[in-house]
Undergrad: 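First the structure, then my questions, so here it is.
When a ligand or atom number is given, it counts from 1 through the structure's own listing order. Numbers here are sequence positions counted from 1.
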Amino acid sequence: MSRPLPTVFDQALASAVRAPSPHNTQPWRFAVEGDVIEVWLDRERVLTVADPHAREARLACGAAAFNLQICLRANGLAAVVRILPDPAEPDLVAVLRLDGNQKATAVERKLAEAVFRRHTNRRPLLDKEVPPSVRSALKSAALQEGGQIDYLDASGRYTPVASLVRQAEALQAEDLAFRAETAYWTQRAADSPDGVPKIAAGPPPHGHGIVSLRGSHENPDLPSREYEQEPLLGAVLTRDRGPHAEVRAGMVMQRILLTATAEGLATSFLSQPFETPRTRESLDRIFAGLGQPHTLLRIGYGYPTRLTARRPVDEVLRHRTGPDVTAG
Ligand SMILES: Cc1cc2nc3c(=O)[nH]c(=O)nc-3n(C[C@H](O)[C@H](O)[C@H](O)COP(=O)(O)O)c2cc1C
């Protein structure tokens, strides 16, 4: 018996779950009804120590919503996204409603395709600068989603932010609850459907760079390597703060990451200073006047690494009565 062809919604949901999430927790659930896809925050998958207010989880859900939207667009379907549409349901993060046909642009098709190649690259980057044209492309990507990326080397914020990354990394290394939570989600087997597998970790650094990646995301089995001294760092910002801005920032972040992937760049995150209250306050002060910082990206050229697995869509889909539009 032949299997039915996947519908556009099947494809969109397969794209949604490829979104990045803290420690690959995948803190989302989806519901499909008619021409609507809902994105829900899954409280049971929020990191209670690193992310007690579900800020990073909302970024991840925003990224998943962006993947849904870009996949629909690439299939010639427009979708209107409403963020946190119902004050009575704060965990209903976003609702996408189909909004007619719209011919896909070349950029939309490129970004939709990049969803399945984007991954977090924790290995050393090559000693090759990101050219101004590519920096501008990432800036435009952020603006298009209503946010911005601030390149720290251009703004004089590099040294103070890099120092906060190192400070937060040191604080977290001393914090038993933090370490236990991280240990639970990392160093997993390669086929683990969630969490960060060992194969996605980088080699231990040889010497100290200006920023430190998470020690917990190192693979001790690999020989130590020298990392780039001063990677390009970009802070993702929105004008506002709070849960709505966090979902929006997730969409901004994801368009930046997919644009970077399409441009042949490697990306990873430096979230440590967002996760300890003291360094987070300092971060807010450093960016005061410019916007609300949500995440910090390390961007450069590198060799691609392996993709990490995801839970199957069936596990995160609550119910479905979707339209029967076959994927192109
Ligand atoms: C909000 C957010 C914060 C993250 N922070 C870090 C981080 O500090 N260090 C890191 O190595 N990865 C970080 N990640 C990347 C996740 O670990 C990664 O997305 C997840 O393991 C899935 O892997 P993939 O991105 O390769 O698909 C973060 C992801 C998100 C969405």
Side-chain angles (χ1 to χ4, degrees), residues 14-28 41 45-47 49-51 53-67 93 114-125 161 164-166 168-169 172-173 178 181-182 184-188 190 192-203 205 211-219 227 231 233 235-236 245-258 260-261 266-276 279-280 283 293-299 302 304-311:
S15 297
V17 299
R18 287 306 317 164
S21 61
H23 294 341
N24 202 12
T25 44
Q26 306 163 41
W28 45 60
L41 178 71
R45 290 185 160 258
V46 173
L47 299 171
V49 181
D51 191 25
H53 306 294
R55 201 190 59 78
E56 291 184 340
R58 271 188 288 273
L59 288 179
C61 289
F66 183 81
N67 281 5
V93 168
V115 164
F116 295 94
R117 283 187 293 116
R118 184 218 57 82
H119 59 279
T120 303
N121 190 329
R122 302 182 181 86
R123 294 184 180 239
L125 298 176
V161 173
L164 287 179
V165 173
R166 294 193 303 270
E169 174 71 23
Q172 291 169 2
F178 200 98
E181 183 176 73
T182 308
Y184 176 78
W185 286 104
T186 55
Q187 309 288 331
R188 299 262 177 115
S192 171
D194 53 12
V196 183
K198 226 174 180 181
I199 48 139
V211 287
S212 42
L213 301 185
R214 279 190 196 281
S216 54
H217 288 57
E218 280 166 20
N219 181 348
Y227 278 71
L233 298 182
V236 177
E246 288 153 11
V247 181
R248 166 64 52 204
M251 299 186 75
V252 175
M253 171 189 87
Q254 187 65 358
R255 188 180 272 271
I256 295 170
L257 292 172
L258 295 180
T261 303
T267 52
S268 63
F269 297 75
L270 292 161
S271 301
Q272 302 98 318
F274 293 92
E275 297 167 346
T276 58
T279 50
R280 187 165 165 68
L283 265 187
H294 294 278
T295 191
L296 186 60
L297 302 177
R298 164 182 172 259
I299 304 163
T305 55
R306 291 249 307 265
L307 296 185
T308 54
R310 296 292 188 271
R311 293 177 294 153

Undergrad: How close does the nearest protein non-hydrogen atom get to atom 1 (C) of ligand 1, and which residue and atom is it?
TA: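 Here the closest protein heavy atom is L59 CD1, 3.7 Å.
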Undergrad: Working note: V196 + R122, criterion side chain to side chain contact (heavy atoms under 4.5 Å, CB included); need CA distance, chi angles, decisive distance, verdict.
TA: CA-CA 11 Å; V196 183; R122 302 182 181 86; 3.9 Å; yes
Undergrad: Could you find the nearest protein heavy atom to atom 23 (O) of ligand 1 and give me its residue, atom name and distance?
TA: T308 OG1, 3.2 Å
Undergrad: Among H119, M253, Q26, which residue meets the side chain to side chain contact (heavy atoms under 4.5 Å, CB included) test with P20?
TA: M253
Undergrad: When you measure from atom 10 (C) of ligand 1 to every protein heavy atom, which one gives the shortest distance, and what is it?
TA: R122 NE, 3.6 Å
Undergrad: Closest non-hydrogen protein atom to atom 27 (O) of ligand 1, residue and atom name please, with distance?
TA: R310 NH2, 2.6 Å
Undergrad: Among protein heavy atoms, which lies nearest atom 7 (C) of ligand 1, and at what distance?
TA: R214 NE, 3.3 Å
Undergrad: Check ligand 1 against N24 and write out every atom of the ligand that is under 4.0 Å from a heavy-atom position of the residue.
TA: 20 (C), 21 (O), 22 (C)
Undergrad: Compare S21, P20, A200, A64 and give the one whose heavy atom is closest to atom 16 (C) of ligand 1.
TA: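 Comparing heavy atoms across S21, P20, A200, A64, the nearest one to atom 16 (C) of ligand 1 lies in S21.
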Undergrad: Decide whether the shortest distance between a heavy atom of R118 and an atom of ligand 1 is less than 4.0 Å.
TA: yes
Undergrad: Give the residue and atom name of whichever protein heavy atom lies nearest to atom 4 (C) of ligand 1, and the separation in Å to one decimal.
TA: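 Ranking protein heavy atoms by distance from atom 4 (C) of ligand 1, first comes S271 OG, 3.2 Å.
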Undergrad: F269 and side chain to side chain contact (heavy atoms under 4.5 Å, CB included): which partner among L213, L257, L296?
TA: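 Of all the options given, the one that passes is L257.
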Undergrad: Determine whether V161 and L283 make a side-chain contact, defined as any pair of heavy atoms from C-beta on separated by less than 4.5 Å.
TA: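 Touching, per the 4.5 Å side-chain cut-off.
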Undergrad: What residue and heavy atom of the protein are closest to atom 25 (O) of ligand 1, and at what distance?
TA: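 Scanning the protein heavy atoms, the shortest distance from atom 25 (O) of ligand 1 goes to T120 OG1, 2.5 Å.
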Undergrad: In the protein, what heavy atom is nearest to atom 14 (N) of ligand 1, and what distance, to one decimal place, separates them?
TA: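 Scanning the protein heavy atoms, the shortest distance from atom 14 (N) of ligand 1 goes to F269 CD1, 3.4 Å.
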Undergrad: Please test S271 against R214 for side chain to side chain contact (heavy atoms under 4.5 Å, CB included), starting from the C-alpha separation and ending with a verdict.
TA: CA-CA 9 Å; S271 301; R214 279 190 196 281; 3.6 Å; yes
Undergrad: Quickly, which of E275, E246, H23 forms a side chain to side chain contact (heavy atoms under 4.5 Å, CB included) with E56? Name it, please.
TA: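 The passing option is E275.
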Undergrad: Short question: side chain of D51, backbone of V46 - any donor-acceptor pair under 3.5 Å?
TA: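 It does not hold such a pair.
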Undergrad: Verify whether one side chain among R298 and S268 offers a donor that lies under 3.5 Å from an acceptor in the other.
TA: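 R298 vs S268: donor-acceptor pair found between side chains.
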